[in-house]
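What follows is a single structure, written as structure tokens, with notes after it.
As the structure is a prediction and not an experimental result, all values here were calculated from the model. Note on naming: letters A, B, ... go to the chains in the order of the sequence lines (proteins, then strands), and numbering restarts at 1 for each one.
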Amino acid sequence: MSDENRPPEQRKGLFGAGDSGDTSGFGGLVQAAPTAGEIVSTSEPLGGYFDEVVGALRELLGEDVTRAVVIDRGELTVYIAPDRTEEVCKTMRDDESLRFELCNSVSGVDYPDQRNRLHVVYHLTSMTYRRRVRLETAVGLDNPVVHSVTSVYPTADWQEREAYDMFGVVFEGHPHLTRILMPDDWEGHPQRKDYPLGGIAVEYKGAHIPPPDERRSYK
Amino acid sequence: MTATDSAGSTAPQAFAEAGADAYAAERDTTEGRVYTVTGGDWDELVSSVDPVNEERLIINLGPQHPSTHGVLRLVCELEGETVRSVRPIIGYLHTGIEKNMEYRTWVQGTTFVTRADYLAPIFNETAYCLAVEKLLGVQVPKRADVIRVIMMELNRISSHLVALATTGMELGALSMMIYGFRDREKILDIFEAVCGLRMNMAYVRPGGVAQDLPVNGVQMIRDFVEYMPKGLDDYEGLLTGNVIWQERTQGVGYLDVSGCLALGVTGPVLRSAGLPWDLRKTEPYCGYEDYDFEVATHNGADAWARYVVRLEEIRQSLRIISQGLDKLEPGPVMVEDKKIAWPAQLALGADGSGNSLNHIRHIMSQSMEALIHHFKLVTEGFRVPAGQVYTAIEAPRGELGIHAVSDGGTRPFRVHLREPSFVNLQSIPALAEGGLLADVIAGGASLDPVMGGCDR
């Protein structure tokens with residue numbers, strides 16, 4: 001799905017440490033980041049109800065609706081285009097052979113090695129057929145726009161706000177896309193991989209609160 | 001609590017002085033005058049507002065209010081006592097659990113997720129560990145599964161007891177609060193005996209559980225199962241026939257099945273609307289298919305129905321616990337694979353610390369390989385094959401889902417908690433708008449949100 005064909009990035013060291021004077025040998029670890037590679041579709045037939053779901057989807061919305069279909073650990077992941085999420089979800093919910101009544105979860109994942117690095121993952125459940133499916137779409141930082149599914153699944157409202165808050169994915173058609181967990185005036189999107197853990201100074205009632213590691217010198 | 005009226009009149013001087021507060025002073029804004037009311041100043045506020053010209057009052061309920069179940073803020077627009085709109089504002093307890101987990105090993109993840117929904121720690125841990133185990137492709141030993149089920153059902157009872165207790169408190173039935181917390185204490189005592197901690201235990205680990213039940217554990221749980229039905233009879237005697245309780249809950253906070261599904265509401269709230277959707281039955285995990293129990297449902301779809309469903313779920317949990325105790329057979333509680341299992345079987349030593357002396361003797365004086373292995377597993381952790389999974393379990397508040405992504409490393413690449421509190425809270429406007437202000441509290445309490453889980 002990623003448009004890039006460059007080889008996977010390599011990571012070095014344990015815990016990302018390269019200059020720690022680590023003598024254990026872990027600092028010399030070299031590890032490939034497998035998340036950077038191309039997403040490879042599972043060869044069909046997929047088995048179980050997966051063929052039925054994917055077949056119905058293709059029949060109703062065209063062959064090109066699925067960019068890739070992956071079966072991993074007994075779970076079906078359908079990769080779709082970011083501007084077709086609403087359409088796909090509406091079909092998934094309403095078609096008699098699909099009937100995915102419940103949108104369980106919307107979450108974001110940031111794969112910094114991919115060009116379309118921000119992924120949005122929808123987990124749907126069909127209570128009628130007791131099936132689950134995962135829809136995944138990806139956008140790049142230059143145009144991080146995904147079609148909102150709130151008109152189909154109102155429950156996605158807060159969850160899409162969370163994905164916007166944490167990853168900066170813009171959901172087109174969302175009724176009020178604002179931050180939800182972080183303060184309204186927060187800068188940056190904390191769950192992105194290039195956003196640091198901690199180390200952010202904050203203002204509180206006019207006072208400047210330095211990040212914990214700068215409050216006192218431990219040296 | 002602050003209130004804004006829409007017309008911008010000037011308040012009486014006496015009221016301004018009574019509300020003097022260094023942190024939230026009364027002031028005029030573009031939206032109107034802002035009053036600060038803490039405690040019993042309502043008569044003064046009401047008398048200072050002109051009821052004809054200023055008919056809309058915006059009440060800021062929370063985030064520090066004893067009736068909002070934690071740091072939940074509800075901005076209510078009132079017309080008289082009728083609620084015209086409710087806007088829930090959350091995030092006050094956001095602690096970055098998901099982000100933090102990306103910087104710790106997979107095993108350490110349990111100590112983070114357990115702190116999300118702090119009333120249901122065992123559920124958070126189990127859901128997370130099921131996700132890690134699915135990524136790893138390991139099967140936990142049977143005894144570990146049974147212990148997980150027993151602990152989860154005990155935890156479900158303790159969580160429902162808090163739901164009943166706090167709902168009782170918020171609706172004025174203070175005795176229920178005392179009863180609920182009294183009986184929850186007995187479960188926390190069991191937790192303390194089993195894992196050393198009363199809350200946030202990090203007891204369930206990837207591959208099994210941290211340690212086996214203590215010698216007297218089974219007896220403690222059996223005593224509790226024998227005791228609890230009497231407690232339930234007490235609550236029923238106190239509340240079920242109580243006219244005030246019925247009036248405060250019946251017909252309040254109505255949400256039917258289609259409303260629940262559209263808003264993603266699961267758990268007792270969905271079952272109170274009549275749909276017997278319980279993941280323990282519909283998508284069994286941890287061997288729930290081997291237990292004989294009923295899914296409690298009701299047709300009321302209101303706060304009363306949720307009360308009845310929760311009481312019945314406690315009874316069913318007791319049945320499951322009894323069956324679990326009968327299923328317990330001697331055996332390991334952690335996978336055999338030493339590349340995954342925590343190296344030391346912890347035990348409470350005579351010195352009060354949780355080290356296994358036999359294990360220390362082994363790694364310090366017998367086997368250098370064991371020492372290296374211990375060191376690597378504890379500091380670096382085990383590697384989890386790349387991929388992503390979603391596991392869901394039936395937590396006391398609904399479907400608790402974990403979306404875990406691994407890049408093949410020793411730390412989670414991404415863990416997302418699908419928290420039932422977070423999703424269910426979206427339905428507060430649907431429950432409360434058009435009703436009375438007092439019913440906002442009853443409706444919100446019937447959802448039983450836990451803000452630690454909601455905000456993560």
If you tally heavy-atom pairs under 4.5 Å against chain A, which of B:E98, B:R456, B:Q388 wins? B:Q388
Please look at B:E419 and chain A and tell me whether the side chain, the backbone, both or neither of the residue comes under 4.5 angstrom of a heavy atom of that chain. neither
Mind ranking B:I89, B:D455, B:V423, B:I90 by heavy-atom pairs under 4.5 Å with chain A and telling me who comes out on top? B:I90
Does the cation-pi check pass for B:K99 over A:Y195, that is, NZ or CZ under 6.0 Å from the six-membered ring centre and within 45° of its axis? no
What part of A:Q191 gets within 4.5 angstrom of chain B, counting heavy atoms only: side chain, backbone, both, or neither? both
Sort B:L400 into side chain, backbone, both or neither according to what part of it lies under 4.5 angstrom from a heavy atom of chain A. neither
Flag yes if more than 12 heavy atoms outside B:E289 fall under 6.0 Å of its CD atom; otherwise flag no. yes
Just so I understand: if I count every heavy-atom pair under 4.5 Å between each of A:L102, A:T77, A:V70 and chain B, which residue has the most? A:L102
Smallest separation among heavy atoms of A:W158 and B:Q426, with atom names: N-OE1, 3.0 Å
For the CZ atom of B:F413 and the NZ atom of A:K193, what is their distance to the nearest 0.5 Å? 4.5 Å
Checked B:E102, B:H94, B:R414 vs chain A; the most non-hydrogen pairs under 4.5 Å come from B:R414
Region of A:R93 that comes under 4.5 Å of a non-hydrogen atom in chain B: neither
To the nearest 0.5 Å, atom SG of B:C454 lies from atom CG of A:L181 at 7.0 Å
Please state whether the side chain, the backbone, both or neither of A:P154 comes within less than 4.5 Å of a heavy atom of chain B. both
Pairing of B:E399 and A:R132 as salt bridge, 4.0 angstrom limit: yes
Hey, does B:H403 have a side-chain heavy atom less than 4.5 Å from the side chain of A:V121? yes
Polar side-chain atom of A:R130 near backbone of B:E283 as donor-acceptor pair, under 3.5 Å: no
Provide the closest heavy-atom pair for A:V109 versus B:V405 in the form atom of the first, atom of the second, distance. CG2-CG2, 4.1 Å
Tell me whether A:R73 contacts the main-chain N or O of B:L135 through its side chain, where contact means a donor paired with an acceptor under 3.5 Å. yes
Using non-hydrogen atoms and a 4.5 Å limit, figure out which bit of B:I402 sits close to chain A: side chain, backbone, both or neither. neither
Pick one of side chain, backbone, both or neither for B:P420, based on which atoms fall under 4.5 Å of a heavy atom in chain A. neither
Are any non-hydrogen side-chain atoms of A:Y153 and B:L261 less than 4.5 angstrom apart? no
Whatever's closer than 4.5 Å to a heavy atom in chain B on A:D165 counts as neither
Least distance between heavy atoms, B:H416 atom then A:V106 atom: NE2-O, 3.5 Å
Is A:R192 in contact with chain B via its backbone, its side chain, both, or neither, using a 4.5 Å heavy-atom distance? backbone
Under a 4.5 Å heavy-atom cutoff, which of A:P183, A:A156, A:P190 has the most pairs with chain B? A:P190
For B:R418 against A:N104, the heavy-atom pair lying closest together: NE-O, 2.7 Å
Does CD in A:E187 sit with more than 12 non-hydrogen atoms of other residues, nucleotides or ligands closer than 6.0 Å? no
With a 4.5 angstrom heavy-atom cut-off, is it the side chain or the backbone of B:S427 that approaches chain A, or both, or neither? neither
With side chains defined as the heavy atoms from C-beta onward, is the minimum distance between B:F422 and A:I180 less than 4.5 Å? yes
